[in-house]
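Proteins get letters first, then strands, A, B, ... in listed order; numbering begins at 1 in each.
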There are 2 protein chains.
Amino acid sequence: MTSGGRAEGPVRRRGRPASAAKAAGEPAAPDRILVSARTEFAERGYEKASIRAIARGAGVDSALVHHYFGTKEQVFTAAVEGAFAPALGIPDRLFSGSPEEWGEQLTRFVFRIWERAVTREPMLAILRSAVSNDTAAAVFRRLIARNLLERLAGGLGRPDAELRVELAMAQLVGTAMLRYVIKVEPIASAPPEVLIPRLAPVVQRHLTG
Amino acid sequence: MTSGGRAEGPVRRRGRPASAAKAAGEPAAPDRILVSARTEFAERGYEKASIRAIARGAGVDSALVHHYFGTKEQVFTAAVEGAFAPALGIPDRLFSGSPEEWGEQLTRFVFRIWERAVTREPMLAILRSAVSNDTAAAVFRRLIARNLLERLAGGLGRPDAELRVELAMAQLVGTAMLRYVIKVEPIASAPPEVLIPRLAPVVQRHLTG
């Protein structure tokens, strides 16, 4: 999101004027707010996260956060959707082949997200917030339903497609929990190339078996 | 735990004296403290939970909580071990048959725990705390390693047994996340008898396939 039009909002930054920031190639205020929000939600969880701290991290006034994104729930939704953007952009291309190949594609895709710190941190933030707060869980639920479920289940074209997709996701979500959150050994340190061949056939079985 | 011997500690309750409580068949202080701790950790998570609130819920002084259980981390460990007790007591009997039957046994066992509110709430408390706090995650990690992994992996008797058990657990942990925590449909409302036949063969495949 470059948000050229939105940057005309009431920018009241404490530091350099907006024109200087733009000349230096600094991200526009809405982007800085989303980055700051993701950090705040990741570190403090949904309940403890504050708009004030998000604004401070972005170098803007709290009013500007509300101006661009609305309530705390709406800020969270925008931050989560931004974190999901790589995940949500790819499936269109990723799952265009035969459903018989989706098991390995989906498994590898999930590992690509979780193995890179820059995409793992937003996922951890979402997971932490969704587990501890009902509002955050509802946001996560809507995103899963609207994006992953509709796309994947639609492609399977079976009456029980949504349940199949969710059972496949359950295998991958649980693996992420034990590997990256609880960090129990040996699954926490096993190389992806050991885990993927064990997971992909199971994911495939849920989808089309 | 009936803790007859331990009840000789410095009982300083605000309410009725201990003798009256005993006559009424009320649980002893250590048991009341554990029940209160589980509620507190479930409702507020590990970080926000306070010894003071745990003591208040049990009708005892904070000093008594420390006397019986030590630090907050030790109170959490005791509360989690208590919540796991049904889970930890059963496997000895549950997994005594052929490993070829463990897939369905383990799957049904996990559903029994999560489908009953009285055992689901402590599990949710553990999950919430482990996801949001590293100390709680470490406690959970040790419990998994010492109990489930050693017992199940020992019974499988293969060099990769621990990884197999964890991949099987990942399927069940992820199912619990989507069904009971995120509550995404249709997996949240599907009857256990629809889910178990889809999960058990996958769990079995991880264990012995």
Side-chain angles (χ1 to χ4, degrees), chain A residues 43-48 124 126-134 136-145 148-149 153 160-190 194-195 198-199 201-203 205-206 209, chain B residues 43-48 124 126-134 136-145 148-149 153 160-190 194-195 198-199 201-203 205-206 209:
Chain A
E43 287 177 358
R44 298 174 53 80
Y46 182 84
E47 271 174 73
K48 281 193 279 183
L124 278 172
I126 296 165
L127 203 59
R128 289 205 175 102
S129 296
V131 166
S132 57
N133 180 276
D134 286 343
V139 169
F140 191 40
R141 192 159 60 233
R142 282 197 300 272
L143 283 173
I144 290 176
L148 277 172
L149 275 188
D160 62 350
E162 294 200 333
L163 187 57
R164 285 174 173 271
V165 172
E166 287 173 5
L167 289 166
M169 281 172 55
Q171 175 72 67
L172 298 171
V173 165
T175 301
M177 279 287 293
L178 294 180
R179 177 174 172 86
Y180 304 102
V181 181
I182 311 294
K183 295 175 186 157
V184 64
E185 294 295 352
I187 204 173
S189 303
V194 166
L195 298 176
R198 290 172 183 251
L199 289 166
V202 163
V203 171
R205 176 181 178 145
H206 282 308
Chain B
E43 288 178 356
R44 298 176 51 79
Y46 182 83
E47 271 174 73
K48 282 192 277 184
L124 277 173
I126 295 164
L127 203 58
R128 288 204 175 103
S129 296
V131 166
S132 57
N133 181 276
D134 286 343
V139 169
F140 192 40
R141 194 158 60 232
R142 281 197 299 273
L143 283 172
I144 290 177
L148 277 173
L149 275 187
D160 61 350
E162 294 200 334
L163 188 57
R164 284 174 173 272
V165 171
E166 287 173 5
L167 288 166
M169 282 171 55
Q171 175 73 68
L172 299 171
V173 165
T175 301
M177 279 287 293
L178 295 180
R179 178 173 170 86
Y180 304 103
V181 181
I182 312 292
K183 296 177 185 154
V184 65
E185 294 297 352
I187 204 172
S189 302
V194 165
L195 297 177
R198 291 173 183 251
L199 289 166
V202 163
V203 171
R205 174 181 180 146
H206 281 309

Undergrad: For the interface with chain A, which of Val194(B), Leu149(B), Val181(B) has the highest count of heavy-atom pairs at distances below 4.5 Å?
TA: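 Of the candidates given, the most pairs with chain A belong to Val181(B).
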Undergrad: Using 0.5 Å steps for rounding, measure from the CD atom of Glu162(A) to the CG atom of Leu167(A).
TA: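 That separation rounds to 12.0 Å.
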Undergrad: For Leu195(A), which atoms come within 4.5 Å of any heavy atom of chain B: side chain, backbone, both, or neither?
TA: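 Side chain only.
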Undergrad: Can you tell me which portion of Arg205(B) sits under 4.5 Å from chain A's heavy atoms? Options are side chain, backbone, both or neither.
TA: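 Interface part for Arg205(B): side chain.
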Undergrad: Can Asp160(B) and Arg198(A) be said to form a salt bridge (Lys or Arg N to Asp or Glu O under 4.0 Å), step by step?
TA: CA-CA 12 Å; Asp160(B) 61 350; Arg198(A) 290 172 183 251; 2.8 Å; yes
Undergrad: Give me the atom names and distance for the closest heavy-atom approach of Phe140(A) to Ala130(A).
TA: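 In terms of heavy atoms, the two residues are closest at CD2-CB, 3.9 Å.
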Undergrad: Which bit of Leu124(B) is near chain A, if near means a heavy-atom gap under 4.5 Å: side chain, backbone, both or neither?
TA: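 Leu124(B) has no heavy atom closer than 4.5 Å to chain A.
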Undergrad: When only pairs under 4.5 Å are counted, which of Arg142(A), Arg141(A), His206(A) shares the most heavy-atom pairs with chain B?
TA: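 Heavy-atom pair counts peak at Arg141(A).
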Undergrad: Which region of Lys48(B), side chain (C-beta onward) or backbone (N, CA, C, O), has a non-hydrogen atom less than 4.5 Å from a non-hydrogen atom of chain A, or is it both or neither?
TA: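 Side chain only.
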Undergrad: Are the side chains of Arg128(B) and Arg44(B) in contact, using a 4.5 Å heavy-atom criterion?
TA: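 Sidechains of Arg128(B) and Arg44(B): no contact.
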Undergrad: Do Arg179(A) side-chain atoms and Ala190(A) backbone N/O form a donor-acceptor pair below 3.5 Å?
TA: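 Between the backbone of Ala190(A) and the side chain of Arg179(A) there is a qualifying donor-acceptor contact (under 3.5 Å).
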Undergrad: So among Val184(B), Ile187(B), Leu127(B), which one has a side-chain contact (heavy atoms from CB on, under 4.5 Å) with Met177(B)?
TA: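 Only match with Met177(B) under side-chain contact (heavy atoms from CB on, under 4.5 Å): Leu127(B).
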Undergrad: Is Leu178(B) close to chain A through its backbone or its side chain, or both, or neither, when contacts mean heavy atoms under 4.5 Å?
TA: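 When you check distances to chain A, only side chain atoms of Leu178(B) fall under 4.5 Å.
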Undergrad: For Glu185(B), is it the side chain, the backbone, both, or neither that has a heavy atom closer than 4.5 Å to a heavy atom of chain A?
TA: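 The backbone, not the side chain.
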